Each structure stands twice: as C-alpha cells, then as structure tokens.
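Note that the structure is a prediction, hence the values are computed from the model and not measured. All values below come from the heavy atoms of this structure, side chains included, with hydrogens, waters and symmetry mates left out.
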Amino acid sequence: MEEIKRILMIDDDRHMHRILQLYLRNSGIVVDGVSSGRLALHKLEQETYDLVLTDIQMPGMDGKELIQKIRQKLPEIPILIISAYEEEKFEAEIKTMKKIQMVAKPFDQTTILEKIRALLNSNDISAN
C-alpha cells in the first residue's frame, strides 16, 4: 500500500485554496492549508510535510521570500510553485535549485497532480 503524503499549501486566494485542497484530498493526499508565509513557517516548525505547494504573489511575505526561508530550514523538501505572473528571472533562478518546479496559472488539476507526484517520487528533480 502506498504511503499517504502530506502537503502544506500556501495561497491567499480562498477560492483557489478550496478547489486545490478538495481535489488533492480526493486524490488521496492529506492537505493542510494556510494563507500566508508567516503561518506556513509556523506550520513547518510544528508538523512534518512531504511537499510544499505555494503561490508567489501574496501579501506580506511573498512566495520568493518564503521559499528562501524554507530552504534554509528544510533544504530537501520538494516545493511546487503556482503563479499567475510571468517571472522569467525567478524561473531561471529556480531551474538551478533541486526539488522545485513551477506551474503557471491557470492550470488544470491533472497537471498539478502530475507535478506533485513527480516531485514526491524523485530524489533529485529540478524545475522543468
């Protein structure tokens, strides 16, 4: 039997948050969600997760700063970034990092699930 995976999802868009959370839970993934980078860092100190799914554009601590802080504390945790913004410089930067991928909004849910599974099943995957 396959081990149940736990994901921490960070997104300030409540609608997106609910849709993704429902879809991933229906796919057999345990999802905890928070709406800010600050809350995400607190959750990561309290709980163990297999993957972080985060938006980039958020009020307060944005996704870029959050990723840097996560990497300082948990360098091996896979991260999937979702963003509606074209961020070529940032995309080029993350291509050099391990265990991190980016998906542009809008996306279909199957794509998210495929990226999550690829990150969870790989010991050394870089952004594509």
Side-chain angles (χ1 to χ4, degrees):
M1 185 195 298
E2 188 174 315
E3 177 185 341
I4 295 175
K5 300 296 184 181
R6 295 190 70 213
I7 291 178
L8 178 60
M9 182 171 57
I10 307 101
D11 198 325
D12 61 315
D13 179 339
R14 289 182 189 168
H15 180 69
M16 176 67 66
H17 200 109
R18 273 182 275 184
I19 290 171
L20 268 178
Q21 206 166 26
L22 181 61
Y23 178 72
L24 294 173
R25 284 183 177 158
N26 287 338
S27 299
I29 298 170
V30 174
V31 180
D32 286 343
V34 295
S35 60
S36 73
R38 183 182 55 78
L39 292 172
L41 293 174
H42 180 73
K43 269 294 221 194
L44 287 165
E45 289 175 2
Q46 306 299 317
E47 305 283 336
T48 301
Y49 294 95
D50 299 299
L51 183 138
V52 171
L53 174 70
T54 186
D55 193 6
I56 289 293
Q57 297 293 327
M58 297 181 289
M61 182 188 310
D62 70 11
K64 294 176 192 177
E65 183 181 354
L66 175 61
I67 290 166
Q68 290 171 348
K69 290 181 185 255
I70 290 171
R71 282 293 187 233
Q72 289 171 358
K73 294 182 179 196
L74 300 165
E76 296 299 316
I77 194 166
I79 299 172
L80 181 58
I81 301 164
I82 52 175
S83 180
Y85 301 92
E86 292 291 326
E87 306 208 27
E88 291 177 21
K89 183 178 178 184
F90 185 61
E91 284 186 62
E93 184 181 322
I94 67 166
K95 285 185 179 187
T96 65
M97 298 179 190
K98 294 181 179 180
K99 296 185 181 182
I100 189 165
Q101 291 195 22
M102 181 177 255
V103 175
K105 292 178 186 175
F107 51 80
D108 74 37
Q109 295 166 340
T110 304
T111 300
I112 290 289
L113 192 56
E114 288 170 359
K115 293 275 189 183
I116 287 170
R117 286 185 175 148
L119 282 165
L120 290 173
N121 292 324
S122 177
N123 291 327
D124 183 25
I125 189 165
S126 58
N128 292 327

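A search for side-chain hydrogen bond (donor to acceptor under 3.5 Å, both in side chains) contacts involving E45 returns K73, not counting sequence neighbours. A search for side chain to side chain contact (heavy atoms under 4.5 Å, CB included) contacts involving E114 returns T110, not counting sequence neighbours. L22 pairs by the side chain to side chain contact (heavy atoms under 4.5 Å, CB included) definition with N26, not counting sequence neighbours. Legend: residues meeting side-chain hydrogen bond (donor to acceptor under 3.5 Å, both in side chains) with S27, ordered by chain and number and at least two apart, are absent. Take R6 and apply the salt bridge (charged side-chain N to carboxylate O under 4.0 Å, His left out) test, not counting sequence neighbours, and it matches D32, E47.
With values rounded to the nearest 0.5 angstrom, R18 atom CZ is found 9.0 Å from D13 atom CG. Atom CE of residue M102 and atom CZ of residue F107 lie 12.0 Å apart, to the nearest 0.5 angstrom. Of the inter-residue distances, the one linking R71 atom CZ with K99 atom NZ reads 8.0 Å to the nearest 0.5 angstrom. To the nearest 0.5 Å, the span separating CD1 on I100 from CD1 on I81 amounts to 3.5 Å. Once rounded to the nearest 0.5 Å, the distance linking CG of L51 with CG of L24 reads 9.5 Å. Of the inter-residue distances, the one linking M9 atom CE with I82 atom CD1 reads 7.5 Å to the nearest 0.5 angstrom.
The shortest side-chain heavy-atom distance between L41 and L66 falls under the 4.5 Å cut-off. Looking only at side-chain heavy atoms (C-beta outward), I70 and I77 come within less than 4.5 Å of each other. The closest side-chain heavy-atom distance from I79 to L53 is not below 4.5 Å. Here the side chains of L44 and Y49 are in contact, with some heavy-atom distance below 4.5 Å. Within the 4.5 Å cutoff, no side-chain heavy atoms of T54 are placed close to those of D11. Between Y23 and I29, the closest side-chain pair of non-hydrogen atoms is not below 4.5 Å.
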Practice item. Could you walk me through whether L39 and I10 pass side-chain contact (heavy atoms from CB on, under 4.5 Å), step by step? Key: CA-CA 9 Å; L39 292 172; I10 307 101; over 6 Å; no

Point to revise | L80 and I116: CA distance, side-chain angles, deciding distance, side-chain contact (heavy atoms from CB on, under 4.5 Å) verdict | key: CA-CA 7 Å; L80 181 58; I116 287 170; 3.7 Å; yes

Point to revise | side-chain contact (heavy atoms from CB on, under 4.5 Å) assessment of R38 paired with K43 | key: CA-CA 9 Å; R38 183 182 55 78; K43 269 294 221 194; over 6 Å; no

Review point. Could you walk me through whether D50 and I7 pass the side-chain contact (heavy atoms from CB on, under 4.5 Å) check?
Key: CA-CA 6 Å; D50 299 299; I7 291 178; 5.8 Å; no

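R117 pairs with exactly one of N121, L119, L120 by the side chain to side chain contact (heavy atoms under 4.5 Å, CB included) rule, that one being N121.
A single hydrophobic cluster is not seen to contain both V31 and I19; linkage of ILVMFWY side chains at heavy-atom distances under 4.5 Å, directly or through other members, places them apart.
Counting all heavy atoms, side chain and backbone alike, D12 lies closest to P59 at OD2-CD, 3.2 Å.
Of the possible polar contacts, none joining the D62 side chain to the M58 backbone as a donor-acceptor pair under 3.5 Å is found.
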